[in-house]
Every structure is written in structure tokens, then in C-alpha cells.
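Computed from a predicted model, the values in this text were never measured in an experiment. Here is the naming used below: chain letters follow the sequence lines, and residue numbers restart at 1 for every chain.
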2 protein chains.
Amino acid sequence: MKLKDNIPCPEKLRATKDAVDVINGKWRIPIIISLSYGKKRFGEIQRDVATISPKMLSKELRELELNKLVTRTVYDSKPVYVEYALTPLGKSLDKLLQELLSWGGKFRKEIISKN
Amino acid sequence: MKLKDNIPCPEKLRATKDAVDVINGKWRIPIIISLSYGKKRFGEIQRDVATISPKMLSKELRELELNKLVTRTVYDSKPVYVEYALTPLGKSLDKLLQELLSWGGKFRKEIISKN
DNA sequence: CGGAATCCCAGATGATACTG
DNA sequence: CAGTATCATCTGGGATTCCG
């Protein structure tokens, strides 16, 4: 068995590593999904990703910003108003998210529910 | 911005979590990619995924087996001959892998190479 | 060859309290 | 509201050695 293209193993390893590094961890994907429904405030994301602590949310948002997947906009009002949103690059994860969603459904149907 | 389907956020969170749990970590995807080129022995995978320690390879293979992504076959010869291969479920990660590969390439082009 | 056993550490994550 | 600070814990992962 072999994938249809002819990319040798070592090259695949490197290319997929870049992607995995970005979505790796317990919180990245949930946060991105929350933002895929539109720009949101810190507290709104925290409500979506119900069990995340403020420390982790803050840290992950900073890393997503560094990787240019998310923008952070501060409106100088009182009290401060901060808004997070996906960049075009962040939105380009769309297809990958769909695949995760679809494969996750398949996996649950075939494995998890049978245990 | 919103994904094209109408699945509400909480349901997406659960479905993608299943998928992420399976591919999460530093080694899962590399191991699966190695096996996507055909069934292999312990030492062969270790050579493909060059920097992995035997402890981690052993541990990850066991977890992949538990999740029915990989089979482990022992041939009772001397010395023992052990073979690992992807199950159909494991092979069904194909599309996801392609997306990781393609998005990883995009990410490198847009971000990593500009730093 | 295909691991298991052991020791060890950095970093990931959690809980909670606090601040501008 | 949007975080930061602090302390505690838990786990991934590395290095090394040993075994049938």
C-alpha cells in the first residue's frame, strides 16, 4: 500500500511536521474552530472551549498569533475590548478541519462506540 | 466567516477531538506515514523516523494498535520476526495525511521561509 | 532483533487567586 | 473584561542499560 503520489518518505515527514506542529496540542484546534464561527472575545472563546483555563487560552492565542493564524485587535475603550479573529491563513485550515471532522466521525462510529 | 456546513460549535469540538487525540503527539503521523509505504519491521520504522527512541516507538505502536490503526504480527522464527502494517482504518487516514501535507507546504511557503 | 526497565527532565496542563 | 501570577501536577520524551 502506498499513497498515490510519489513523494518519498523523508520529504513527507518534513512537510507534515510543519502542519502537525501548528495544530498539535489539546487546545489549538478547538480554539480555531471557535473562531471559525466568527471573531470573538477572550471570554467568548473561553465559553466555547468550555474547560480551558485562562492561562492556557492566553498562551495558545499568543502562539497562534505568532504563527499568523490569528489576529488580536485591542479597542481602546473602557473597559478594554479585545477581539480575536482568524487570518486568511487561519481560515485556510478549513479543508483540514473538515477532514478531521469527517475522520473523527468515522473513527467514533467504528471504534469508540464499540468499546 | 463560517464553515459551509451547519454543524454547531460544540458538536464539532467533540468530533474533531476524537481525530486529534489519535494523531496527536510528535510521533504518530511520522509512524503512520512510514507504514503507508507498506508493512515494516520495528527496526525499519525506526530508521524511517530517524530520531525516535525504541521506547517511544514501542509505546506509540501499542497505542496505534489499541486504536485499530495498526496491526502487529509475530512470526515465530528465530530470531523473532515482527511485522507492523496499517489496518483499513489506518489507511483511511490517507485524505487527512494529504491535507496535512498540502497545508504544511502552504504554511512553510507563507510563514517559515519568511523568517 | 525487538523490545522492556529504569531514571530523569522540560514542558504541558490544571487550579486558583489576583490586577488594571 | 482580559488577562497575569503562582503553585502544583502530570506526561511526553530522551538516554541508557539490559534481556530472550
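- A/Lys40 pairs in a side-chain contact (heavy atoms from CB on, under 4.5 Å) with only one of the listed residues (A/Leu35, A/Val82, A/Leu86), which is A/Leu35.
- Counting only distance, with no hydrogens or angles, the side chain of B/Tyr75 and the backbone of B/Val80 share no donor-acceptor pair below 3.5 Å.
- Side-chain N/O atoms of B/Lys26 include none lying less than 4.0 angstrom from OP1 or OP2 on D/dG12.
- When distances run from any side-chain atom of A/Glu60 to the nucleotides D/dC1, D/dG3, C/dT13, the shortest one goes to C/dT13.
- Here D/dG14 is the nucleotide among C/dT13, D/dG14, D/dA2 with the atom lying nearest to any side-chain atom of B/Ser53.
- Nearest to the side chain of A/Pro54, among C/dG2, D/dG3, D/dG14, sits D/dG3.
- In this structure, the CG atom of B/Leu57 is 13 Å from the C1' atom of C/dC1, given to the nearest Å.
- Minimum atom distance to the side chain of A/Trp27 is reached by C/dG14, of the listed D/dG14, C/dG2, C/dG14.
- Straight-line distance from the CE atom of B/Met56 to the C1' atom of D/dT16: 16 Å, rounded to whole Å.
- Listed pair A/Thr51 / C/dG14 fails the phosphate criterion, with no side-chain N or O lying under 4.0 Å from OP1 or OP2.
- Judged purely by atom type and a 3.5 angstrom limit, B/Thr71 has no side-chain atom pairing as donor or acceptor with the backbone of B/Thr87.
- Taking atom CD1 on B/Ile52 and atom P on C/dG3, their separation rounds to 12 Å, with Å as the unit.
- Taking 4.0 Å as the cut-off between side-chain N and carboxylate O, B/Lys68 and A/Glu110 do not count as a salt-bridged pair.
- Of the candidates D/dC1, C/dT13, C/dG2, the closest approach to any side-chain atom of B/Arg41 belongs to C/dG2.
- Protein atom OH of B/Tyr81 is 13 Å distant from nucleotide atom P of C/dG3, rounded to whole Å.
- When each of A/Asn24 and A/Val82 is assigned the nucleotide of DNA chain D bearing its nearest heavy atom, the one mapping closer to the 5' terminus is A/Val82.
- Between C/dA4 and B/Ser58, a contact under 4.0 Å exists linking OP1 or OP2 to a side-chain N or O.
- Annotation: side chain of A/Trp27 is in contact with side chain of A/Thr51 (closest heavy-atom distance under 4.5 Å).
- The listed nucleotides are D/dG3, C/dA5, C/dA4; the one nearest the side chain of B/Lys55 is C/dA5.
- If you check every strand for non-hydrogen atoms under 4.0 Å, B/Arg28 touches nothing.
- Considering only the side chain of A/Arg62, D/dT4 comes nearest among D/dC1, D/dG14, D/dT4.
- Taking atom CZ of residue A/Arg72 and atom P of nucleotide D/dA2, one finds them 10 Å apart after rounding to whole Å.
- Atom-to-atom distance recorded for B/Glu99:CD and B/Leu93:CG is 13.0 Å, nearest 0.5 angstrom.
- Looking at heavy-atom distances under 4.0 Å, A/Tyr84 makes contact with sugar-phosphate atoms alone, never a base.
- Map B/Pro79 and A/Val80 each onto its nearest nucleotide of DNA chain C; the residue landing nearer the 5' end is B/Pro79.
- Atoms CD (B/Gln46) and P (C/dA4) sit 13 Å apart, rounded to a whole Å.
- In this structure, B/Lys78 atom NZ and C/dC1 atom P are separated by 18 Å, rounded to whole Å.
- Distance CD (B/Glu63) to C1' (D/dG12): 10 Å, rounded to an integer number of Å.
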